[in-house]
Chemist: 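Structure below; questions to follow.
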Amino acid sequence: HNGYDKTLPKNVPGKYDLIISSEVIEHLYNPKVYLENINSWLNTNGILILTTPYHGYLKNIIIVLLNRFDKHFDPFWIGGHIKFFSIKSLNKLFQLSGFKILIFKGCGRLALFWKSIIVIAKKI
């Protein structure tokens with residue numbers, strides 16, 4: 001799936017009650033289409049559990065102040081992260097893709113410097 005196309009991959013066997021996506025969305029050109037596809041694969045009231053690296057304002061300032069920007073946002077990382085999400089951007093993306101966020105939780109490291117965020121969302 002190229003990330004731009006709105007068509008679903010072939011051979012998706014049916015609908016699901018739960019889909020888990022771990023550390024995938026940050027590698028995609030079009031994360032909205034990705035979530036829309038997942039939404040279409042879920043049964044009514046289906047649940048999505050998604051994780052992605054966290055990139056909030058304060059964390060990004062610290063990355064710059066510690067002179068870690070080039071390492072953290074390495075443009076030479078083939079297949080690396082091409083999208084970076086904050087709580088605000090993920091909330092908007094989930095809302096636009098037909099989900100209601102039930103749980104939003106940071107994990108790894110101190111609050112607001114989390115390594116990743118976990119989102120549990122329900123299809124609406």
Chemist: So how far is it from Ile63 CD1 to Phe69 CZ, rounded to the nearest 0.5 Å?
Modeler: 9.0 Å
Chemist: With no hydrogens and no angle check, just 3.5 Å: does a side-chain donor-acceptor pair link Thr51 and Ser116?
Modeler: no
Chemist: Please check this pair: side chain of Ser89 against backbone of Phe85, looking for a donor-acceptor N/O pair closer than 3.5 Å.
Modeler: no
Chemist: Pick from Ile103, Ile101, Leu48: which one makes a side-chain contact (heavy atoms from CB on, under 4.5 Å) with Ile120?
Modeler: Ile103
Chemist: Can you name the nearest heavy-atom pair linking Trp114 to Lys59, along with the distance?
Modeler: O-NZ, 2.9 Å
Chemist: Could you pull out the closest heavy-atom pair between Lys15 and Asn43, with the gap in Å?
Modeler: CB-OD1, 2.8 Å
Chemist: Donor-acceptor check, side chain of Lys123 to backbone of Leu42, threshold 3.5 angstrom: yes or no?
Modeler: yes
Chemist: Could I get the full list of side-chain hydrogen bond (donor to acceptor under 3.5 Å, both in side chains) partners for Asn91, not counting sequence neighbours?
Modeler: none
Chemist: State, to 0.1 Å, how close Ser86 and His55 come at their nearest heavy-atom pair, and which atoms those are.
Modeler: CB-O, 3.5 Å
Chemist: For Gly106 versus Ile117, what's the shortest heavy-atom pair and its separation?
Modeler: CA-CG2, 4.1 Å
Chemist: Return the orientation label for the His81 and Trp77 ring planes: parallel under 30°, perpendicular over 60°, tilted otherwise.
Modeler: tilted
Chemist: Working to the nearest 0.5 angstrom, can you tell me the gap between Phe94 CZ and Leu50 CG?
Modeler: 4.5 Å
Chemist: Can Ser21 and Tyr34 be counted as having a side-chain donor-acceptor contact under 3.5 angstrom?
Modeler: yes
Chemist: Is the distance between the ring centroids of Phe84 and Phe73 under 6.0 Å?
Modeler: yes
Chemist: For Thr52 and Glu26, work out which heavy atoms get closest and say how close.
Modeler: OG1-OE1, 2.8 Å
Chemist: For a quick test of reading the model, state the closest non-hydrogen atom pair linking His27 to Gly79 and the distance between them.
Modeler: ND1-O, 2.9 Å
Chemist: Tyr16: what forms a ring-ring contact (aromatic ring centres under 6.0 Å, His included) with it, not counting sequence neighbours?
Modeler: none
